Amino acid sequence: MRDTAKASDLLDWYDTHARTLPWRTSPSDRAAGIMPDPYAVWLSEIMLQQTTVAAVKSYFTRFLLLWPTVEALAAARDEDVMAEWAGLGYYARARNLLKCARAVTELGGFPQTRAELEALPGIGPYTSAAISSIAYDHPETVLDGNVERVMSRLYTVLEPLPDSKETLRAHAAGLTPDQRAGDYAQAVMDLGATLCTPKSPACGICPWRAPCTARAEGIADTLPRKRPKAAKPTRLGIAYIARREDGAWLMERRPDKGLLGGMLGWPGAAWGDERVAAPPLEADWQKVNAEALHTFTHFHLRLDIHIAILPQDVEIEGLEFVPKHSFSPKALPTVMRKAFDLAQSAFNTASQ
DNA sequence: CATACGTGGGG
DNA sequence: TCCCCAAGTAT
């Protein structure tokens with residue numbers, strides 16, 4: 001008879017192979033009663049939503065330096081937080097981060113239960129379970145992309161995602177231990193991230209190699225199955241990048257809802273099937289001989305760049321001039337930074 | 001329940 | 001080059 005997967009085998013593996021991460025309390029420290037700061041757990045989990053560990057590390061460290069407590073973050077200015085989040089993507093997370101920090105401050109601290117956590121902005125089924133287990137050792141079951149992959153292989157779940165999600169959740173719940181819930185949650189995700197990887201899983205050194213049914217059948221690397229994705233259409237647009245004579249840049253704060261919501265960007269017509277020539281004001285606009293190319297989650301974008309120098313006295317309704325000394329390309333979403341880089345080259349060429 | 005929502009790295 | 005994907009959530 002084949003082995004049954006046991007949490008203890010995974011925990012033993014985690015005790016010696018846990019990754020060292022800036023937001024993580026090691027299994028030996030946890031065993032000694034040292035628990036992580038719930039604020040750090042929450043912050044890291046929000047940043048890690050659909051985002052790689054490598055991308056998150058520097059943002060996490062920077063946020064903790066600037067805002068060491070949830071109260072400090074709650075008191076931050078919105079535009080400062082959005083500027084620091086720039087480049088990390090999924091900007092609704094940053095807006096919800098502030099809402100959540102302010103709600104938690106009002107509550108006097110983070111709640112511990114899944115239900116209470118899930119009532120907060122930006123915290124869904126996965127993140128509530130992650131915080132409750134990692135910060136408080138509540139025996140909640142985390143189900144993220146890693147766990148879905150591990151469970152689909154351990155139990156050979158052939159039904160494609162997302163239809164198989166509840167089946168996978170049941171398997172994951174059956175394995176979740178009452179003790180060391182936080183270590184277990186991080187262990188199963190570490191397993192998915194380091195051994196049970198999407199393309200070439202390292203089954204030979206997996207602590208669950210014996211009970212893994214997909215490995216026994218030689219089909220581990222084909223799971224989980226997923227429904228095919230829709231092709232990405234290409235949209236077109238124009239970015240109008242204007243510099244005032246004193247060096248200030250003409251920019252707009254995008255509305256909170258929708259793509260790049262709450263972020264600073266360049267004025268320009270809405271992106272669609274064709275480029276609509278609608279500059280924000282009359283000026284001697286020059287078309288830059290290069291496009292900014294960018295791919296979002298669900299479409300490709302080709303952005304023409306138009307540049308102009310504006311006189312000192314101009315004002316435009318709904319737009320703002322960002323002074324030279326407070327302007328930083330790093331505070332822009334990546335597509336806007338790409339557009340800026342092309343514009344800057346053009347400005348430099350024009351002035352030579 | 002399906003879709004919108006970023007980005008950078010790897011195969 | 002291009003597609004896949006990464007500690008998902010909101011609507």
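Not measured: the values here are computed from a predicted model.
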**Q** To the nearest Å, how far apart are A/Asn96 CG and C/dA10 C1'?
**A**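 These atoms are roughly 8 Å apart.
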
**Q** Pick the C1' atom in B/dG11 and in C/dA7, then give their distance to the nearest Å.
**A**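 Comparing C1' positions in B/dG11 and C/dA7 gives a spacing of 22 Å.
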
**Q** Starting at atom NZ of A/Lys99, determine the distance to atom P of C/dT9, rounded to an integer number of angstrom.
**A**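 In whole Å, C/dT9 P and A/Lys99 NZ are 15 Å from each other.
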
**Q** Does a side-chain N or O from A/Lys232 land closer than 4.0 Å to OP1 or OP2 of C/dC3, or not?
**A**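 No, no such contact exists.
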
**Q** With rounding to the closest Å, how many angstrom separate the C1' atoms on B/dC5 and C/dA6?
**A**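 It comes out at 14 Å once rounded to the nearest Å.
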
**Q** What string of B, S and - do you get for nucleotides 1-11 of chain B 5' to 3' if you count protein non-hydrogen atoms under 4.0 Å?
**A** -S-SBBBS---

**Q** Expressed in whole Å, how much space separates the C1' atoms belonging to B/dG8 and C/dT1?
**A**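 One C1' to the other, the span is 16 Å.
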
**Q** Could you tell me how far C/dC5 sits from B/dG6 if I compare only their C1' atoms? Round to whole Å.
**A**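 Looking at atom C1' only, B/dG6 and C/dC5 are 13 Å apart.
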
**Q** Heavy-atom distance under 4.5 Å between the side chains of A/Tyr240 and A/Leu250, does that happen here?
**A**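 SC-SC contact between A/Tyr240 and A/Leu250 ruled out.
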
**Q** Yes or no on side chain to side chain donor-acceptor pair (under 3.5 Å) for A/Gln49 and A/Arg93, after CA distance, side-chain angles and deciding distance?
**A** CA-CA 9 Å; A/Gln49 289 169 1; A/Arg93 292 185 295 172; 5.0 Å; no

**Q** Say whether A/Ser164 and A/Glu159, considering side chains only, have a donor N or O and an acceptor N or O under 3.5 Å apart.
**A**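 Side chains of A/Ser164 and A/Glu159: no pair found under 3.5 Å.
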
**Q** Rounded to whole angstroms, how far apart are NZ on A/Lys229 and C1' on C/dA6?
**A**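 Value for this atom pair: 10 Å.
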
**Q** For the backbone of A/Thr25 and the side chain of A/Arg30, can you confirm whether one donor and one acceptor N or O come within less than 3.5 Å of each other?
**A**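 Answer holds: no.
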
**Q** Looking at every strand, decide which applies to A/Trp23 at a 4.0 Å heavy-atom threshold: base, sugar-phosphate, or nothing.
**A**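 The residue A/Trp23 makes base contact.
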
**Q** Which residues, if any, of residues 142-159 of chain A bring a heavy atom under 4.0 Å of DNA chain C?
**A**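 A/Asp144, A/Gly145, A/Asn146, A/Arg149 - these, ordered by number, are the residues of the stretch whose heavy atoms sit under 4.0 Å from the strand.
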
**Q** Determine whether a donor-acceptor pair (N or O, by modelled atom type, separation under 3.5 Å) exists between the side chain of A/Tyr59 and the backbone of A/Ala86.
**A**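 Judged by distance alone, yes, a pair lies under 3.5 Å.
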
**Q** Between atom CG in A/Asp256 and atom C1' in C/dT9, what is the gap in whole Å?
**A**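 Rounding to the nearest Å, CG of A/Asp256 and C1' of C/dT9 are 16 Å apart.
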
**Q** Once you round it to whole Å, what is the distance between P of C/dA7 and NZ of A/Lys57?
**A**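 Checked: the NZ to P distance equals 14 Å.
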
**Q** Would you kindly give the NZ-to-C1' distance between A/Lys257 and C/dT9, to the nearest whole Å?
**A**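 In whole Å, C/dT9 C1' lies 13 Å from A/Lys257 NZ.
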
**Q** Would you classify A/Leu21 as touching base, sugar-phosphate or nothing, given that sugar-phosphate means primed atoms plus P, OP1 and OP2, and contacts are heavy atoms under 4.0 Å?
**A**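 Base: the residue A/Leu21, judged by heavy atoms under 4.0 Å, touches a nucleobase.
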
**Q** With A/Glu217, which of A/Thr156, A/Thr222, A/Leu223 fulfils side chain to side chain contact (heavy atoms under 4.5 Å, CB included)?
**A**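 Of the listed options, the one satisfying the test is A/Thr156.
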
**Q** Between A/Arg169 (side chain only) and A/Leu143 (backbone N and O only), is there a donor and an acceptor less than 3.5 Å apart?
**A**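 Here the side-chain-to-backbone pair does not exist.
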
**Q** Using modelled atom types and a 3.5 Å cut-off, is there a donor and acceptor pairing between side-chain atoms of A/Arg149 and backbone atoms of A/Cys196?
**A**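 Present.
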
**Q** Taking the side chain from A/Thr127 and the backbone from A/Glu45, do they hold a donor-acceptor pair closer than 3.5 Å?
**A**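 A pair under 3.5 Å: no.
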
**Q** Quick one, A/Phe296 with A/His298, criterion ring-ring contact (aromatic ring centres under 6.0 Å, His included). Give me CA distance, side-chain angles, the key distance, then yes/no.
**A** CA-CA 6 Å; A/Phe296 292 98; A/His298 50 299; 7.4 Å; no

**Q** Take the protein atom CZ of A/Arg114 and the nucleotide atom C1' of C/dT9, then report the distance between them rounded to whole Å.
**A**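 Interatomic distance, CZ of A/Arg114 to C1' of C/dT9: 13 Å.
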
**Q** Taking the nucleotide of DNA chain C with the closest heavy atom to each, which residue, A/His300 or A/Leu120, is nearer the 5' end?
**A**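 Residue closer to the 5' terminus by nearest nucleotide: A/His300.
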
**Q** Take the protein atom CG of A/Asp221 and the nucleotide atom C1' of C/dC4, then report the distance between them rounded to whole Å.
**A**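 For the pair A/Asp221 CG and C/dC4 C1', the rounded distance is 15 Å.
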
